[in-house]
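Some notes on the structure that comes next.
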Amino acid sequence: MSVVPANDDAATERLFVACEPADATRAQLAPLVAAAADRLGALPVPMSNLHLTLVFLGTTPAALIPPISNALANACGELEPLHARLRNVSGIPGNTAARLVAAVFDDPDDVFAHAAATILQRLAPICHVPPVPMQFWPHVTLARLRRALPLA
């Protein structure tokens, strides 16, 4: 994450809180990224950028980054390591056409949803978190499509 100098009161950053996959998981996702690019002409997400978003903060004043970081350190210190099993590769649930290809993970005990809720609770007093228009969806975006396509 880059940070605009704090002396600019109008400085903002586009922020999100995410889980980074382990190297072994990245290696397992690599063929899926390549297949999406090859078969669909999609723009692959660089392997170093793969992540599972827990909370999207959006445009946030840079001055809030230190208190956000402190709150996240406290919240994440309370969480157990997160483990998941790949369910499938799909587009956004409920959409007939998608602009992204995602690796979707099972979350039978709602551990990702619980982590997201814990983080949201800690960040609520510090910054505005935009509402999410859908149920929590544990996924890693693998590629972005140039145009919306129906994905099974």
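Side chains are part of it too, since the values below use all heavy atoms of this structure and drop only hydrogens, waters and symmetry mates.
Within a 6.0 Å sphere centred on CZ of Arg144, heavy atoms belonging to other residues, nucleotides or ligands number 12 at most. Within a 6.0 Å sphere centred on CZ of Phe56, other residues, nucleotides and ligands contribute more than 12 heavy atoms.
For the residue pair Arg146 and Gly41, the shortest heavy atom distance occurs at NE-O, 3.1 Å. Residues Asn49 and Arg26 come closest through the heavy atom pair N-NH1, 4.3 Å. Of all non-hydrogen atoms in Pro44 and Ala42, the two that sit nearest each other are CD-O, 3.3 Å. Across Gln28 and Pro31, no two heavy atoms sit closer than the pair O-CD, 3.4 Å. Of all heavy-atom pairs between Met47 and Leu29, the closest is CE-C, 4.4 Å.
Taken to the nearest 0.5 Å, the CD1 atom of Ile92 stands 8.0 Å off from the OG1 atom of Thr141. With rounding to the nearest 0.5 angstrom, the SG atom of Cys19 is 13.0 Å from the CG atom of Leu50. Put simply, CZ on Arg99 and CG on Leu149 are 9.0 Å apart, with the number rounded to the nearest 0.5 Å. For the atom pair CG (Asn74) and OG1 (Thr118), the distance works out to 12.5 Å, reported to the nearest 0.5 Å. If you take CD1 on Ile119 and CG on Leu54, they are separated by 5.0 Å, rounding to the nearest 0.5 Å.
Leu82 and Phe16 fall into different hydrophobic clusters, where Ile, Leu, Val, Met, Phe, Trp and Tyr side chains are chained together by heavy-atom contacts under 4.5 Å. Leu43 and Val89 fall into different hydrophobic clusters, where Ile, Leu, Val, Met, Phe, Trp and Tyr residues are linked whenever their side-chain heavy atoms come under 4.5 Å apart, directly or through other members.
In terms of modelled atom types and a separation under 3.5 Å, the side chain of Ser69 and the main chain of Ile65 share a donor-acceptor contact. With hydrogens and angles ignored, the 3.5 Å screen pairs a side-chain donor or acceptor of His139 with a backbone N or O of Trp137. Between the side chain of Asp107 and the main chain of Pro138, no donor-acceptor pair closer than 3.5 Å is present.
Looking only at side-chain heavy atoms (C-beta outward), Val129 and Leu120 come within less than 4.5 Å of each other. At least one side-chain heavy atom of Leu145 sits less than 4.5 Å from a side-chain heavy atom of Leu40. By the 4.5 Å heavy-atom criterion applied to side chains, Thr53 and Val17 are not counted as neighbours. A heavy-atom distance below 4.5 Å is found between the side chains of Leu86 and Leu32.
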Audit row: Leu15, Val55, side-chain contact (heavy atoms from CB on, under 4.5 Å) steps and yes/no: CA-CA 9 Å; Leu15 302 179; Val55 177; over 6 Å; no
Derivation of the side-chain contact (heavy atoms from CB on, under 4.5 Å) call for Val33 and Val45: CA-CA 7 Å; Val33 172; Val45 172; 5.7 Å; no
Criterion side-chain contact (heavy atoms from CB on, under 4.5 Å) on Phe136 and Asp110, from CA distance to verdict: CA-CA 9 Å; Phe136 185 77; Asp110 291 327; over 6 Å; no
Trace of the side-chain contact (heavy atoms from CB on, under 4.5 Å) decision for Glu13 with Thr60: CA-CA 5 Å; Glu13 291 290 327; Thr60 305; 5.6 Å; no
Evaluation steps, salt bridge (Lys or Arg N to Asp or Glu O under 4.0 Å), between Arg85 and Asp106: CA-CA 6 Å; Arg85 178 175 296 215; Asp106 282 325; 5.8 Å; no
